[in-house]
**Q** 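So that we are looking at the same thing, I have put the structure below in structure tokens.
Position 1 is the first residue of the sequence, and the numbers go up from there.
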Amino acid sequence: MAEVLVYVDHVDGAVRKPTLELLTLARRLGDPVALALGPGAENTASALAEHGAVKVLTADAAEFADYLVVPKVDALQAAYEAVSPAAVLLPSSAEAKEIAARLAVRIGSGIITDAVDLEAGEAGPVATQSVFAAAFSTRTRVSKGTPVITVKPNSAPVEAAPAAGVVDALSVSFSANATGTKVVSRTARESTGRPELTEAAIVVSGGRGVNGAENFAVIEALADSLGAAVGASRAAVDAGWYPHSSQVGQTGKSVSPQLYIASGISGAIQHRAGMQTSKTIVAINKDAEAPIFDLVDYGVVGDLFEVVPQLTDEIKTRKG
């Protein structure tokens, strides 16, 4: 059976959920071979094997942490040459998409970004994408070279499928450009205790209707009752009510959770582009004519300051 190379997103050996989703998709195409780089790479083997990786390639070097992107591209290219895979899969993070693009150029292959589904086809993997602000779905395949595909988080379930997970050290020769851009400092992001926005199964977002930074406490309370991430529309972010890192939309982050709750958000195309692939969408807005209601599964016409607290209380009551 053909092998499929999967780029591993991990933090000191703790594998992040989008990678486990990639393994589910990779098993549809062939036998997953995972590539883990940097500190803790060898510690990823157990989780990767549990979710279907037949082999885990690992490499650690100072270059992966000290320099931007290129050393990781060098390593992914080395893995590609060692494995000769039927496809290369990466998560659709900003960094991974840059790595994917650089690899595709080096190996002379086509690239597909932000896939929301994958299936095997007679002429190679077929990817489903949401395009034109998620107004259309397309089915796409690469016609030249080995497909390089990035996949949006929450596009597939995490499924256990125990495999051998044999660990092999990967030898990497770094290119002349590997040390061209040095990381001079890092600042840890302050933890909110909530899930990462792009990976969360549930997202609760607030918009212009929240009417102030202090009122986002209502949105946060609902999110916390659901174990959800908090998002914000561009209007709320531009007004300084919530951090830009939480912006959902065309110029913010793209999310695809199982449940998306939009409170006080009109539903402008800029926002819809970042959340329209959510599996279930609920909107709360006092304007019955708001565009957001055109795409929702469930809509509540009402004042969010009345509806959201009641919803939060009901969820807490049902949780006991």
Side-chain angles (χ1 to χ4, degrees), residues 1-100 103 118 148-172 174 178 183 186 188-189 191 195-196 198-201:
M1 195 172 187
E3 292 182 322
V4 179
L5 186 58
V6 175
Y7 180 82
V8 177
D9 184 6
H10 72 98
V11 179
D12 296 329
V15 180
R16 300 182 69 174
K17 181 169 169 277
T19 295
L20 303 181
E21 296 169 3
L22 285 182
L23 291 172
T24 298
L25 295 172
R27 293 199 304 274
R28 299 178 186 175
L29 311 177
D31 292 327
V33 175
L35 171 65
L37 305 175
E42 292 186 356
N43 297 332
T44 64
S46 176
L48 296 171
E50 182 182 345
H51 292 86
V54 298
K55 185 185 297 182
V56 179
L57 303 177
T58 64
D60 188 15
E63 283 84 352
F64 296 132
D66 292 346
Y67 298 91
L68 288 181
V69 181
V70 178
K72 296 175 182 177
V73 181
D74 291 339
L76 187 56
Q77 183 178 5
Y80 166 81
E81 292 170 353
V83 174
S84 298
V88 182
L89 306 184
L90 303 88
S92 278
S93 65
E95 180 182 77
K97 283 193 280 190
E98 182 174 353
I99 292 170
L103 176 69
L118 279 179
V148 180
I149 305 171
T150 74
V151 181
K152 293 178 68 172
N154 294 312
S155 294
V158 174
E159 297 175 351
V166 177
V167 179
D168 284 341
L170 177 70
S171 177
V172 181
F174 294 110
V183 178
R186 285 186 172 87
R189 182 175 58 190
S191 175
E196 167 63 30
T198 56
E199 300 175 15

**Q** Distance check, rounded to the nearest 0.5 Å: Ser93 atom OG versus Glu98 atom CD?
**A** 10.0 Å
**Q** Does a side-chain heavy-atom distance below 4.5 Å link Val69 with Ile99?
**A** yes
**Q** Tell me whether Arg16 contacts the main-chain N or O of Val11 through its side chain, where contact means a donor paired with an acceptor under 3.5 Å.
**A** no
**Q** Considering non-hydrogen atoms only, spot the tightest contact between Pro71 and Glu63 and give its length.
**A** CG-O, 3.5 Å
**Q** Between Ala53 and Ala163, what is the shortest heavy-atom contact and its length?
**A** O-CB, 3.4 Å
**Q** If you define the side chain from C-beta out and look only at heavy atoms, does anything of Val88 sit under 4.5 Å from Tyr80?
**A** yes
**Q** Within the 4.5 Å heavy-atom criterion, are Leu20 and Val15 side-chain neighbours or not?
**A** yes
**Q** Determine which pairs satisfy salt bridge (charged side-chain N to carboxylate O under 4.0 Å, His left out) with at least one residue from residues 77-95, sequence neighbours left out, and list them in order.
**A** Lys72-Glu95
**Q** Would you name the heavy atoms of Leu29 and Ala87 that are closest together and state the gap between them?
**A** CD1-CB, 4.4 Å
**Q** A side-chain contact here means heavy atoms from C-beta on lying under 4.5 Å apart; do Val83 and Leu57 qualify?
**A** yes
**Q** Name all residues meeting the side chain to side chain donor-acceptor pair (under 3.5 Å) criterion together with Asn154; count only those two or more places apart in sequence or in a different chain, and write none if there are none.
**A** Lys17
**Q** Are any non-hydrogen side-chain atoms of Leu118 and Ile149 less than 4.5 angstrom apart?
**A** yes
**Q** Before you tell me yes or no, could you show the steps for Val6 and Leu48 under side chain to side chain contact (heavy atoms under 4.5 Å, CB included), namely the whole-Å CA-CA distance, both residues' side-chain angles and the distance that decides it to 0.1 Å?
**A** CA-CA 10 Å; Val6 175; Leu48 296 171; over 6 Å; no
**Q** Could you go step by step and tell me if Leu90 and Leu103 meet the side chain to side chain contact (heavy atoms under 4.5 Å, CB included) rule?
**A** CA-CA 11 Å; Leu90 303 88; Leu103 176 69; 5.6 Å; no
**Q** Hey, could you give me each pair passing side-chain hydrogen bond (donor to acceptor under 3.5 Å, both in side chains) that has a residue in residues 41-62? Not counting sequence neighbours.
**A** none
**Q** Evaluate the side chain to side chain contact (heavy atoms under 4.5 Å, CB included) criterion for residues Leu76 and Leu5: first the C-alpha distance (whole Å), next the side-chain angles of each, then the deciding distance (0.1 Å), finally the verdict.
**A** CA-CA 9 Å; Leu76 187 56; Leu5 186 58; 3.7 Å; yes
**Q** Please report the shortest heavy-atom distance between Thr24 and Pro157, naming the atom on each side.
**A** OG1-O, 2.8 Å
**Q** Please, which pairs that meet side-chain hydrogen bond (donor to acceptor under 3.5 Å, both in side chains) have at least one residue in residues 82-92, sequence neighbours excluded?
**A** Ser92-Asp114, Ser92-Thr150
**Q** Using a 4.5 Å cut-off on heavy atoms from C-beta on, say whether the side chain of Pro91 contacts that of Val151.
**A** no
**Q** Kindly give the heavy-atom pair with the smallest separation between Ala59 and Val172, and that separation in Å.
**A** CB-CG2, 4.1 Å
**Q** Kindly determine whether Leu37 and Tyr7 satisfy side chain to side chain contact (heavy atoms under 4.5 Å, CB included), including the steps that lead there.
**A** CA-CA 9 Å; Leu37 305 175; Tyr7 180 82; 3.9 Å; yes
**Q** Quick one: ring-ring contact (aromatic ring centres under 6.0 Å, His included) partners of Phe174, sequence neighbours excluded?
**A** Phe64
**Q** Less than 4.5 Å apart, side chain to side chain, heavy atoms only: is that true for Val183 and Asp66?
**A** no
**Q** Tell me every residue that passes side chain to side chain donor-acceptor pair (under 3.5 Å) with Glu3, counting only those two or more places apart in sequence or in another chain.
**A** none
**Q** Can you find a heavy atom in the side chain of Glu159 that is under 4.5 Å from one in the side chain of Arg27?
**A** yes
**Q** Can you see which heavy atom on Val70 is nearest to which on Ala178, and at what distance?
**A** CG1-CA, 3.6 Å
